[in-house]
Amino acid sequence: MKISEVFILSDKPLSAIMEQSSYLKDSFMAEHISISNISKYAGQNVTLRGWVYNRTDKGKLCFLLVRDGSGFAQCVAFKGDLEPEVFDKTMRLPQESAIIVSGLVREDQRAPGIPGGYELGIKQIEIVQEAELDYPMSLKDHGVDFALDHRHLWIRMQSQWAILRVRAAVMSATREWLNNNGFFEMSTPILTPAAAEGTTTLFETEYFDEGKAYLAQTGQLYNEANIFSFGKVYCFGPTFRAEKSKTRRHLTEFWMLEPEIAFCDLDQLMEIEENMIAHIAQTVLKECAAELKFLGRDASKLERVFAPFPRMSYDDAAKYLIDLYEKETDPERKALLKFEWGMDFGAPHETELTKLYDQPLFVYGYPSAVKAFYMEPWPDRPEVCKSVDLLAPEGYGEICGGSERISNHDALLARIHKEGLPEEAFKWYLELRKYGSVPHSGFGMGVERVVAWLCGIEHIREAIPFPRTIKRVYP
RNA sequence: UCCUCGAUAGCUCAAUUGGCAGAGCGAGCGGCUGUUAACCGCUAGGUUCCAGGUUCGAGACCUGGUCGAGGAGCCA
């Protein structure tokens with residue numbers, strides 16, 4: 001069968017497109033497939049629907065790299081196989097044109113793509129829309145500012161496609177593990193009346209006649225209410241921080257997972273964290289092998305991510321860091337590594353600690369002074385609290401932060417007073433400690449940081465479809 | 001808020017001591033039956049971020065500003 005026709009539909013109404021599409025189906029009878037499954041169709045005629053990612057024409061031969069959302073596949077047109085006007089049109093297809101292309105799938109090691117190794121010999125091509133010629137995102141390098149200004153187009157590029165597919169897998173694996181382990185997803189409010197930890201880092205908005213409302217920077221306090229009804233819960237949504245942080249690890253809007261568990265102490269919390277993180281890493285390794293390979297990620301580094309993770313007390317970490325600081329001779333590095341007991345870790349400190357292991361590292365028992373007011377004090381050491389941070393290897397830093405919460409009413413009230421927080425705002429939160437209070441714990445996981453770590457990318461702004469930074473709310 | 005760096009063609013960048021504004025990619029035209037960010041030839045494409053200053057002469061030097069990046073602090 002040799003059918004060679006080009007339909008140019010861009011100026012026609014949708015009904016006309018539908019009509020001609022169904023005509024095509026009848027006339028060609030090729031199954032619509034996803035590129036991700038192309039290897040199953042070797043030797044068969046199929047139809048792909050997608051966009052021209054790249055085109056290379058070579059005289060009587062034309063290669064189209066077509067993407068369809070599920071992957072990237074090479075489609076090859078030979079001049080001798082097609083009507084002259086069809087071949088000519090194919091040769092001139094601009095990047096990003098939308099097409100429906102049919103032909104024979106064949107195995108060929110030379111064929112690029114994701115997954116690659118298979119290509120489609122074009123028999124018929126339908127142009128849904130011929131893209132305009134001034135597509136800004138050429139396949140060469142781009143600067144950060146230009147790329148972010150064109151984020152709506154940048155996400156079409158292979159690297160961004162791969163990263164955001166990993167992100168989706170991370171989110172799905174996270175929910176999968178929690179749902180399979182007795183957790184219930186609870187949506188906590190995004191518009192909130194007050195800060196959990198002070199008001200300097202909140203986005204503020206007018207709320208009718210009620211004064212100010214603030215975009216949530218955590219759902220934790222609400223989840224502490226939820227556990228007394230559901231036992232084990234999590235919230236998973238956007239979180240907002242108005243901090244003027246300008247680093248590769250910060251966004252003003254990021255996605256945070258926050259599990260909260262009743263009858264759970266710090267040790268049990270760490271077990272939950274390491275099992276969940278290991279599940280996420282192993283799922284991504286399995287389901288996103290092609291994406292990680294494209295990104296050049298060393299998969300062996302992730303294969304080691306199995307529970308249990310190493311644990312280190314803050315005291316031991318501090319000892320190690322102070323020793324490191326004292327031995328450092330380079331004045332510039334010495335200034336960065338400056339450390340004494342009681343300080344919170346900076347990024348350079350985290351990096352040094354994670355160099356010690358090729359697994360994520362738990363550091364527990366931080367000084368209460370550098371942590372939030374609701375964290376349970378260590379027994380007999382009130383200057384330290386039952387908190388734990390999980391630091392990702394290879395310098396990716398803190399991916400989870402959690403703690404056992406104060407369950408005693410009077411102890412919590414005392415902390416609220418000590419921090420100078422308005423008692424009235426925490427009335428309901430304190431009330432949870434009056435009716436069946438139990439030891440409980442929870443943590444927050446920054447999705448973009450986990451994605452950046454798993455993908456091995458430099459900056460978390462690429463780990464979310466439309467990043468919001470201190471200098472950017474467009475597009 | 002602080003420190004450091006940057007802004008030149010649609011994009012990525014170069015331009016020696018202050019002396020004619022350049023290349024690659026992208027776009028257009030032509031050539032090529034296996035390209036992997038193809039290659040070869042030709043064509044088009046510039047308010048060198050803005051304002052002022054020094055100079056015979058400024059992309060470069062000086063002053064002020066705008067925008068951006070990296071980092072610190074803070075945090076996930």
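Labels below follow one simple rule: chain letters A, B, ... track the order of the sequence lines, proteins then strands, and each chain is numbered from 1.
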(request) Using the closest heavy atom to pick a nucleotide of RNA chain B for each, name whichever of A/Glu448 or A/Ala111 lands nearer the 5' end. (result) A/Ala111
(message) Both A/Ser138 and A/Arg106 contact RNA chain B. Which one's nearest nucleotide lies toward the 5' end?
(response) A/Ser138
(message) Taking ring-ring contact (aromatic ring centres under 6.0 Å, His included) as the definition, give me every residue that meets it alongside A/Tyr135, ordered by chain and number, with sequence neighbours left out.
(response) none
(request) List for me each residue that meets ring-ring contact (aromatic ring centres under 6.0 Å, His included) alongside A/Tyr53, sequence neighbours excluded, and say none if there are none. (result) A/Phe72
Report all interatomic pairs (protein N or O, nucleotide N or O of nucleotides 29-33 of chain B) with separations under 3.5 Å.
| residue | atom | partner | partner atom | Å |
| --- | --- | --- | --- | --- |
| B/rC29 | OP1 | A/Arg92 | NH1 | 3.2 |
| B/rG30 | OP2 | A/Arg92 | NH2 | 3.4 |
| B/rC32 | N3 | A/Gly59 | N | 3.2 |
| B/rC32 | N4 | A/Asp57 | OD1 | 3.3 |
| B/rC32 | N4 | A/Gly59 | N | 3.2 |
| B/rU33 | OP1 | A/Lys60 | NZ | 3.4 |
| B/rU33 | OP2 | A/Lys60 | N | 3.1 |

Residues in salt bridge (Lys or Arg N to Asp or Glu O under 4.0 Å) with [X], at least two apart?
| X | answer |
| --- | --- |
| A/Asp323 | A/Lys327 |
| A/Arg405 | A/Glu260 |
| A/Glu352 | A/Arg333, A/Lys355 |
| A/Lys471 | none |

(request) Can you sort out the partners of A/Lys232 under side chain to side chain donor-acceptor pair (under 3.5 Å), two or more places apart, ordered by chain and number? (result) none
(request) Provide, to the nearest angstrom, the distance between the CG atom belonging to A/Asn54 and the C1' atom belonging to B/rC11. (result) 15 Å
For nucleotides 47-50 of chain B, give me every protein contact, N/O to N/O, under 3.5 Å, one pair per line with atom names.
none

(request) Would you write the dot-bracket representation of RNA chain B, where each base gets (, ), [, ], | or . depending on whether it forms a Watson-Crick or G-U pair under 3.5 Å and with which partner? (result) (((((((..((((.....[..)))).(((((.......))))).....(((((..]....))))))))))))....
(message) Show me the pairs that pass salt bridge (Lys or Arg N to Asp or Glu O under 4.0 Å) and involve residues 58-71 of chain A, at least two apart or across chains.
(response) A/Arg67-A/Glu96
Grab the N/O contacts between the protein and nucleotides 68-72 of chain B below 3.5 Å, and write none if there aren't any.
| residue | atom | partner | partner atom | Å |
| --- | --- | --- | --- | --- |
| B/rG68 | OP1 | A/Lys471 | O | 3.4 |
| B/rA69 | N7 | A/Lys246 | NZ | 3.2 |
| B/rG70 | OP1 | A/His459 | NE2 | 3.0 |
| B/rG70 | OP1 | A/Arg461 | NH1 | 2.6 |
| B/rG70 | OP1 | A/Arg461 | NH2 | 3.1 |
| B/rG70 | O3' | A/Arg248 | NH2 | 3.2 |
| B/rG71 | OP1 | A/Arg248 | NE | 2.0 |
| B/rG71 | OP1 | A/Arg248 | NH2 | 2.7 |
| B/rG71 | OP2 | A/Arg248 | N | 2.7 |
| B/rG71 | N7 | A/Lys246 | O | 3.2 |
| B/rA72 | OP2 | A/Arg249 | NH2 | 3.3 |

